[in-house]
Amino acid sequence: QQQVKQSPQSLIVQKGGISIINCAYENTAFDYFPWYQQFPGKGPALLIAIRPDVSEKKEGRFTISFNKSAKQFSLHIMDSQPGDSATYFCAASRGGNNRKLIWGLGTSLAVNP
Amino acid sequence: GAVVSQHPSWVICKSGTSVKIECRSLDFQATTMFWYRQFPKQSLMLMATSNEGSKATYEQGVEKDKFLINHASLTLSTLTVTSAHPEDSSFYICSARDLERLSSYEQYFGPGTRLTVT
């Protein structure tokens, strides 16, 4: 059972456009929701993370929107650039179990110049 | 800050041999380290969680006798793939949590190690 469901699997956006990736989770005990960016052949890097006490967090061009009642959160990339082309993963964790992350399946983003 | 390194970055070994991958936290002490494997175009799959000085906790379906994990210090964890076979070829990634920043919940990831078994 996929505890964190991510969509779409792939996304193509024009330069300057908005990229939106969505995730939904099952476990209401999750209390930490990070987004990671991964380039081919590299380890993932934390982009931005949110906790359920806020509905939105913005860092530069990246924004997380969080809907606790719907158990959904999304990543918005404003003014998308070709350099943003990468795979994006959402994840979730809860207390205990050393805070291990439960991962979405990933979204491959391509930003056309 | 919060840099995690892995060594080697890539390794090729013959079937039946063992290979060791190191994961180091360079500028912080890691209370907990995680080992993942990732197949092409797939998500990260957690293999095991290790705490310094304790036995690793393996995820269901991961052979603990095949994937030996040692977390001997607060800055070093090793993954040894024993009697490697071609199906063990994958991208192995470690991550670590900062002992002094546990409240941030963040995991810091290494650059990964590409293992190819011939």
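We name chains A, B, ... by the order of the sequence lines, and we start the count at 1 in each one.
The closest side-chain heavy-atom distance from Ile64(A) to Glu56(A) is not below 4.5 Å. Contact of the Arg99(A) side chain with the Asp31(A) side chain is registered, since non-hydrogen atoms from C-beta on lie closer than 4.5 Å.
Using a 4.5 Å cut-off between heavy atoms, Tyr105(B) contacts chain A through both its backbone and its side chain. Interface remark: Ile102(A) contributes no atoms to any contact with chain B (heavy atom separation under 4.5 Å). In this structure, the portions of Gln107(B) lying under 4.5 Å from any heavy atom of chain A include both its backbone and its side chain. Residue Tyr108(B) does not touch chain A at all, counting heavy-atom pairs closer than 4.5 Å. For a residue to count as touching a neighbouring chain, one of its non-hydrogen atoms must lie under 4.5 Å from one of that chain's; by this rule Glu106(B) touches chain A with backbone and side chain alike.
In this structure, Tyr36(B) and Phe34(B) have tilted ring planes: the angle between them lies in the 30° to 60° band.
Considering every non-hydrogen atom in both Cys94(B) and Ser5(B), the closest pair reads SG-O, 4.5 Å. Nearest heavy-atom pair, Pro111(B) versus Phe91(B), reported as atom, atom and distance to 0.1 Å: O-CZ, 3.3 Å. Between Ile50(A) and Ser55(A), the closest heavy-atom pair is CD1-C, 4.1 Å. Taking all atoms of both residues into account, the shortest heavy-atom contact from Lys58(A) to Thr63(A) is CG-OG1, 3.4 Å. For Phe28(B) against Thr75(B), the heavy-atom pair with the smallest separation is O-CG2, 3.8 Å. The two residues Ile21(A) and Tyr88(A) make their nearest non-hydrogen contact at CD1-CB, 3.7 Å.
One finds a salt bridge joining Glu22(B) and Arg24(B) here, because a Lys/Arg side-chain nitrogen approaches an Asp/Glu carboxylate oxygen to under 4.0 Å. Comment: Glu59(A) engages Lys57(A) in a salt bridge, judged by a side-chain N to carboxylate O separation of less than 4.0 angstrom.
For the pair Ser90(B) (side chain) and Gln38(B) (backbone), a donor-acceptor distance under 3.5 Å is present. Side-chain atoms of Asp27(B) come within 3.5 Å of backbone atoms of Ala2(B) as a donor-acceptor pair (strictly under, hydrogens ignored). A donor-acceptor contact shorter than 3.5 Å is absent between the side chain of Glu52(B) and the backbone of Met33(B).
Using a 4.5 Å cut-off between side-chain heavy atoms of Ile, Leu, Val, Met, Phe, Trp and Tyr, with links allowed through other members, Val4(A) and Leu44(B) fall into different hydrophobic clusters. In the hydrophobic clustering of this structure, Ile21(B) does not group with Leu76(B); members are Ile, Leu, Val, Met, Phe, Trp, Tyr whose side-chain heavy atoms approach within less than 4.5 Å, directly or through other members. Residues Val54(A) and Phe62(A) share a single hydrophobic cluster, defined by chaining ILVMFWY side chains whose heavy atoms lie under 4.5 Å apart.
Of all residues spanning residues 56-71 of chain B, those with a heavy atom less than 4.5 Å away from chain A's heavy atoms are Glu59(B), arranged by number. Chain B is approached within less than 4.5 Å, heavy atom to heavy atom, by no residue from residues 67-83 of chain A. Of residues 35-47 of chain A, those residues with a non-hydrogen atom less than 4.5 Å from any non-hydrogen atom of chain B are, in numerical order, Tyr36(A), Gln38(A), Gly41(A), Lys42(A), Gly43(A), Pro44(A), Leu46(A). Within residues 103-113 of chain A, the residues that have a heavy atom under 4.5 Å from a heavy atom of chain B are Trp103(A), Gly104(A), Leu105(A), listed by number.
A distance of 7.5 Å separates CZ in Phe89(A) from CD in Gln6(A), rounded to the nearest 0.5 Å.
Side chains of Trp10(B) and Thr113(B): a donor-acceptor N/O pair is absent below 3.5 angstrom, by distance only.
Looking only at heavy-atom pairs under 4.5 Å with chain A, the residue among Ile93(B), Leu46(B), Thr49(B), Asn51(B) that has the most is Asn51(B).
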